[in-house]
Amino acid sequence: MRVFLAALLAVLSLPIDAAQAPPAYPAQQRGPGDPVLAARGLTLYTSFCRACHGADMRGGDMGGPNLLRSQLVLGDKNGDAIGPVVRAGRVPAAGGTVMPPMPLPDDDVRALAEYMHSVVFTAQPQGAPPPSAAVALNLLVGNARAGERYFKAECASCHSTTGDLAGIGSRVPNIEQLQNNWVSGRRPAAAAPPGPPGPAVSAQTARSTVRVTVTLAGGEQVTGRLVRMDEFTVSLTTDAGDYRSFTRRGTPRVEAVRVDDPLAGHRALWTKLSNKTMHDVTAYLAGLK
Amino acid sequence: MKRARMSLVQLIGTGLALITLTSATLAQAPAAAPVLAPEALKQPLAGDWTSYSGDYTGQRYSRLTQVTPANVKNLTLAWATRISTDLRGDVATGGEGKGDFPVGQAAMRGTVLEVNGILYATSPDHVWAIDGRDGRELWHFFWKSRGSLHIGNRGAAIWNNSLLFETPDNYLVSIDVRTGKENWHVEIADLDQQYFSTMAPIVVGDQVLVGTGNDLDAPGFLQSFDARTGKRNWIHYTVPMNPGDPGLDTWPSLDAARHGGGQVWVPGVYDPETNLYIFSTGNPTPGYTGISRKGDNLFTCTLMAVNMSTGKMAWYYQTSPHDTHDWDSAQTPVLIDGVIDGKPRKLVSTAARNGYFFTLDRVTGEHIVTAPFGKTINWSKGLRKTGQPEPDPEKSAIVPGSLVSPMEAGVTNWPPPAFNPDLGLFYVAESNSFNILYLTDPDPRGSMGLGGKRWSILGFESNALRAIDYRNGKAVWRREWPQGASMGGGLLTTATGLLFSGDGSGNFVALDAKNGDILWHTRIGSISNAPQTFEIDGRQHVLVGVGDMLYSFAIY
């Protein structure tokens, strides 16, 4: 949720915080429970509940709601809240499927509860459900020909499909990775792994190829790789490997600072690209074997 | 007490002996005079910083005038203190846990209160009283946690002699503001249901307002407690909870609505004239998979006014219908007494995380202005007749990837904006970022929480500080930071025409509020706690937090 994001934001601005990630997320608060009891609960769940509430407890075709996010289930202790529902059944106020009363004995209810809590325990951070079997998803939906036309018009000034991007479809077989790479302009080696990345990755990578020229009063020019720059200081490493740093409002006076960011072209793309064009170009590049 | 301090200031000219005498008398103030009477919270922000935003307006506009555009370059460090969670010395404790929960370093990430020269700072499970003259710790309170997410704490509130704060494991705790010893604590949300609490409580009269957070598809709510006893006065759910509740027709089912989120985790503002508390709610859940919650999803991502006597909603305006990006609207709104089309109006403005700025009539909720303040936002198909941005479904997480600006952090976030009534300018940090958003769980039942997606962060197009004309939403000036990578931590403006902000590169900067010219800076690290100002013993201090450090600046 938002708070977590705020934490991400804080990490962004406070590298110091990165080291102290929250030790466990709320789903793990209760511990994994008793595996033997939970195994028995699974058998009961499969015969009595699964048809309506789903194999993964996230709700089923027969109209039972998601029980992983049920506040009643989350708040339950050893079946004290689940038991009464199971025994009395439920008639939804809005109509639809009725949950029939099931007169299960106490130890069955306990086993069911143990199982349900053990599934909650496997939930992921930020309220995400437990990992499920991977579904094959098709990311390759673009029109390669349209992509080729776009490439010739917008990319060919800086890239060549027989030069630097030759065989990129084989080099980066993962479509998601390929798309992330070409839109960002990151080289595969520097590219962030899939999944929530460290926010600084792209900025850092981009920065490393940025060049800067500082012009001092009197005309002297110092050029090199940009290390950092804010309103007050600009720092660079010259091609000879020397670190040079300047106070932008100091003496000698910095007359001008020129930044050459080779990836400026890519940043400009972001504001122009439609999803369709993005998918088209990805399809085209994926075909460059 | 406020008056007492003012007279002390006036006495300065009359002789040292007299001052010493007065201070001694103050130290033994009679029990009848509370540290902070609730009435004092209605004072416009000046000498003391008495609540989350300094005063009820949310403007973060200080009437102190010692520090000016002309002399701000003379600001110098009064003191710097590292706030430590170490349990050294005489630490008062409370809590239902064992005290073995690893809390880590302190993090100043909200508001530090200042009353009569004493500062009150918080971090998850910790509260400190600090002498604002030199930064020395007076007392330290430690809450033994049962667990939960220890993400941040946005600050405390003071009611008479009680300091109130929320804990990650969902207690509202009242401690004696003079000694740091606990008065009482009360559970405000269920830990098993995975709530966690970070909000700075807001005191209005004898009521204390609290909000909570949750990541797992649980309903959001605002609650009022009796500041004296901890007894609950009312609870206001932000999503429909029962058949027939308003807004239910904006959800596919009651089950979806009851799991619809709308958490209340950032303090709002209060209008004593109408007795309305105005605040904004969090995003709908599941966050990224809107498929299971078709509709506008009221009252998530909504600016709303609640009557303080009844806890009932007076009006609402949804600033982000059917959000699918975790862009909550939980930003602190700002009360503005302004002029629209030549007529004086009671207004409220907010710059939402989704990149749009809004001005409404704060008495009726009537919409007046919508304008984008994010430079690169690309997720809306345009404005509805009501002024609400219509989401483009293409810009939700989709399987082959959607190129979206901004990324999850939003164009702005909880770090507070500021408003300068002399200039009519609303200031907000503006972050223009891009990511590619992939749907990884196409299950028609929707995912849960913030699950079901993956993103690839592309980076920032730009980061800037923007000054907005509240009457039309247009930028009057805008300063782009060369390589800023964060939102700067929040803003403060003053009656002398100053604006304080972080620059996202570790500098604390004073700008000319009129035009954004830079007047002063110091590199102390990334600002995590919005700048604040108050007066102690006749001297104006400017306080700012960086992680576990507090820095106080003054002119000598």
Side-chain angles (χ1 to χ4, degrees), chain A residues 1-10 12-14 16-17 20 22-23 25-27 29 58-59 65-66 68-69 71 74-75 93-94 124 126-129 135 137-139 141 176 179-180 183-184 192 194-197 199-200 202-203 206 228-232 267 270-271 273 275 278-279, chain B residues 102 104-105 109 147-152 190 192-194 198 213-218 243 254-255 259 263 265 282-283 326 328 330 376 394 399-403 408-409 413-414 434 436 438 445 447-451 454 456-459 461 482-483 485-486 503 505 507 518 521 526 528 547:
Chain A
M1 165 194 97
R2 51 257 117 249
V3 179
F4 203 83
L5 204 281
L8 172 71
L9 187 73
L12 230 162
S13 53
L14 283 175
I16 219 170
D17 281 9
Q20 31 163 317
Y25 29 96
Q29 246 148 223
R58 285 168 59 185
N66 183 332
L68 287 178
R69 65 179 197 179
Q71 294 187 273
L74 292 169
Q124 302 177 81
Q126 295 190 287
V135 221
L137 297 172
N138 180 21
L139 277 70
V141 299
E176 184 175 331
Q179 183 162 275
N180 295 345
V183 179
S184 66
S202 58
R228 70 185 166 88
M229 178 169 77
D230 58 26
E231 283 289 345
F232 316 105
R267 266 204 301 283
W270 306 340
T271 53
L273 276 177
N275 282 349
M278 180 168 80
H279 301 151
Chain B
Q105 262 170 276
R109 218 181 272 161
S148 188
L149 281 182
H150 281 56
I151 251 168
D190 189 339
D192 284 329
Q193 292 175 7
Q194 306 194 11
T198 58
N214 187 299
D215 281 337
L216 183 66
D217 301 4
L254 186 59
D255 184 65
H259 292 99
Q263 305 302 328
W265 65 280
N283 56 289
D326 189 22
D328 55 52
T376 57
E394 262 285 289
V399 171
S402 181
L403 180 64
E408 192 185 61
N413 206 294
W414 69 266
F434 281 85
I436 307 180
Y438 296 92
R445 297 172 301 172
S447 185
M448 287 160 52
L450 297 181
R454 184 158 54 220
S456 173
I457 292 177
L458 297 171
E461 189 271 345
Q483 281 202 323
S486 85
D503 72 345
S505 296
N507 295 292
I518 291 177
H521 78 280
S526 286
S528 59

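Convention: sequence-line order gives letters A, B, ...; per-chain numbering from 1.
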Colleague: Sub-3.5 Å donor-acceptor pair from the side chain of A:Asp230 to the main-chain atoms of B:Pro482, do we have one?
Modeller: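 Not at all, since once roles are kept as given, no pair shorter than 3.5 Å links the two residues.
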Colleague: Closest heavy-atom contact between B:Met448 and A:Leu68?
Modeller: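 So the minimum-distance heavy-atom pair works out to CE-CB, 3.7 Å.
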Colleague: Is there side-chain contact between A:Trp270 and B:Thr376, with heavy atoms separated by less than 4.5 Å?
Modeller: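 No, their side chains stay 4.5 Å or more apart.
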Colleague: Check whether any side-chain heavy atom of A:Asn66 sits under 4.5 Å from a side-chain heavy atom of B:Asp217, and report yes or no.
Modeller: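 A:Asn66 does not reach B:Asp217 side chain to side chain.
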Colleague: Locate the shortest heavy-atom distance separating A:Asn138 from B:Val399; write the atom from each residue and the value.
Modeller: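 Scanning both residues completely, I find the closest heavy atoms to be O-CG1, 3.6 Å.
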Colleague: Does the side chain of A:Gln124 reach to within under 4.5 Å of the side chain of B:Leu450, using non-hydrogen atoms?
Modeller: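 Not in contact.
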Colleague: Is B:Asp255 in contact with chain A via its backbone, its side chain, both, or neither, using a 4.5 Å heavy-atom distance?
Modeller: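 Both parts, heavy atoms under 4.5 Å.
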Colleague: Any idea which heavy atoms bring B:Pro400 and A:Leu139 closest together, and the distance?
Modeller: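 Looks like CB-O, 3.6 Å.
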Colleague: For B:His259 and A:Gln71, work out which heavy atoms get closest and say how close.
Modeller: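 Answer, listing the atom of B:His259 first, then A:Gln71: NE2-N, 4.4 Å.
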Colleague: For B:Leu254, is it the side chain, the backbone, both or neither that has a heavy atom under 4.5 Å from a heavy atom of chain A?
Modeller: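 Contact with chain A is absent: no heavy atom of B:Leu254 under 4.5 Å.
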Colleague: When rounded to the nearest 0.5 angstrom, what distance separates OG in B:Ser505 from CE in A:Met229?
Modeller: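 So the OG of B:Ser505 and the CE of A:Met229 are separated by 9.0 Å.
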Colleague: Can you say whether B:Ser447 sits under 4.5 Å from chain A via the side chain, the backbone, both, or neither, judging by heavy atoms?
Modeller: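 Both parts, backbone and side chain.
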Colleague: I'd like to know if the side chain of B:Asn507 reaches the main chain of A:Phe232, judged simply by a donor and an acceptor atom lying under 3.5 Å from each other, with no hydrogens or angles considered.
Modeller: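 Between the backbone of A:Phe232 and the side chain of B:Asn507 there is no qualifying donor-acceptor contact (under 3.5 Å).
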Colleague: For the residue pair A:Gln179 and B:Ile436, establish whether any side-chain heavy-atom pair is separated by less than 4.5 Å.
Modeller: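 The answer is yes; the side chains approach within 4.5 Å.
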Colleague: Which heavy atom in B:Pro243 sits nearest to a heavy atom in A:Ala93, and how many Å separate them?
Modeller: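 Minimum heavy-atom separation between B:Pro243 and A:Ala93: CG-CB, 4.4 Å.
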Colleague: Once rounded to the nearest 0.5 Å, what's the spacing between atom CG of B:Leu216 and atom CG of A:Leu74?
Modeller: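 With rounding to 0.5 Å, CG (B:Leu216) is 5.5 Å from CG (A:Leu74).
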Colleague: For A:His279 and B:Gly401, which heavy atoms make the closest approach, and how far apart are they?
Modeller: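 Shortest heavy-atom contact: NE2-O, 2.7 Å.
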